[in-house]
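Beneath this line is the structure, given in structure tokens, with notes to follow.
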Amino acid sequence: MPTELNATLREVSARLVAWGMTSEADRDKILTEEGDQADHPGEYDWADVFELFDLGLYVSAGDGEADDLEETYQDLLEELAGLSGRTVTEVELGEDEDGEELLTFVLDGEEFAWEVEHLSPGQLDMLSIWECVGDLEPDDGRVFFHTRGDVDGEWSESLYVLARPAQVATLKEEYGLELDPV
């Protein structure tokens, strides 16, 4: 997954503030927490940056355990929805009346159901996440963008970023970061 960053965290965070993706106060807090490391190129990749600033989330297909996949989905849904201040509750991994796997949850009081298919025990369904993550978007013009990584021809990792299309266009123009709309 092309997420290398050839700039310092301090440099990139200044651009994130300029583009309205984060506030100066949040930037200053994160730079203080990160210390000297924030001034060294190559210390962070884009996944680190987006997660530090609560703008995105890195997801790996192997994040789950066979016996607690429901909990892994709960954490994932809570984190993705949390990027826009939304709340996920009542996450349940079960089956529908036809015996197909179904992930159900409540988002800000509204019920959702995602069809999922687990090809291996403990493996998240990366395709279903990608197909349905738009359900978690806020009504403020931000949408999810995505880049993925494959290992041996298998979709094994994703980076989801919640941003406005113009912000992503600027990221591509200035840094060459390829993010596709979901």
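Only a predicted model underlies this, so the values are computations on that prediction, with no experimental measurement involved.
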Applying side chain to side chain contact (heavy atoms under 4.5 Å, CB included), run through L124 and V59 and close with a yes or a no. CA-CA 9 Å; L124 295 173; V59 179; 3.9 Å; yes
Could you walk me through whether Y73 and H118 pass the ring-ring contact (aromatic ring centres under 6.0 Å, His included) test, one step at a time? CA-CA 12 Å; Y73 276 112; H118 300 101; 5.5 Å; yes
How many angstroms lie between atom CG of D26 and atom CG of L52, to the nearest 0.5 angstrom? 11.5 Å
Walk me through whether S158 and I129 qualify under side chain to side chain contact (heavy atoms under 4.5 Å, CB included). CA-CA 10 Å; S158 292; I129 295 166; over 6 Å; no
Run the numbers on Y175 and W46 for ring-ring contact (aromatic ring centres under 6.0 Å, His included), then give the verdict. CA-CA 10 Å; Y175 294 104; W46 279 109; 5.2 Å; yes
Is it possible for you to say whether M126 and V116 belong to one hydrophobic cluster, with membership spreading through side-chain heavy-atom contacts below 4.5 Å? yes
If you round to the nearest 0.5 Å, how far is CD of E97 from CG of L102? 8.5 Å
Between Y58 and E51, is any side-chain donor less than 3.5 angstrom from a side-chain acceptor? no
OH of Y44 to CG of L5, rounded to nearest 0.5 Å, is 10.0 Å
dist N6:CG -> D45:CG (nearest 0.5 Å) comes out at 11.0 Å
4.5 Å side-chain heavy-atom contact, R142 and E137: no
Apply side chain to side chain contact (heavy atoms under 4.5 Å, CB included) to L69 and L93, showing your working. CA-CA 8 Å; L69 202 51; L93 184 60; 4.1 Å; yes
What I want to check is whether the side chains of E78 and Q74 have a donor and an acceptor closer together than 3.5 Å. yes
Please check if the number of heavy atoms outside D139 that lie under 6.0 Å from its CG is greater than 12. no
Closest contact, heavy atoms only, S23 versus V17: O-CG2, 3.8 Å
Any side-chain heavy-atom pair from T147 and D180 closer than 4.5 angstrom? no
Is there a donor-acceptor contact under 3.5 Å from the side chain of R164 to the main chain of D140? yes
L57 side chain reached by L76 side chain, heavy atoms, under 4.5 Å: yes
Specify the closest pair of heavy atoms between F145 and P165, including all atoms of both residues, with the distance to one decimal. CZ-CA, 3.7 Å
Could you give the distance from CG (L107) to CG (D135), rounded to the nearest 0.5 Å? 8.0 Å
Just wondering, are more than 12 heavy atoms of other shown residues or ligands nearer than 6.0 Å to CD in E115? no
W19 vs L171 side-chain heavy atoms within contact, under 4.5 Å: yes
Does a sphere of radius 6.0 Å around CG in D36 hold more than 12 heavy atoms from other residues, nucleotides or ligands, not counting ones at 6.0 Å or beyond? no
Within a radius of less than 6.0 Å around CD of E111, do more than 12 heavy atoms belonging to other residues, nucleotides or ligands occur? no
More than 12 heavy atoms of other residues, nucleotides or ligands under 6.0 Å from CD of E33: is that the case? yes
Taking it one step at a time, do W130 and Y160 satisfy ring-ring contact (aromatic ring centres under 6.0 Å, His included)? CA-CA 9 Å; W130 176 79; Y160 290 96; 8.8 Å; no
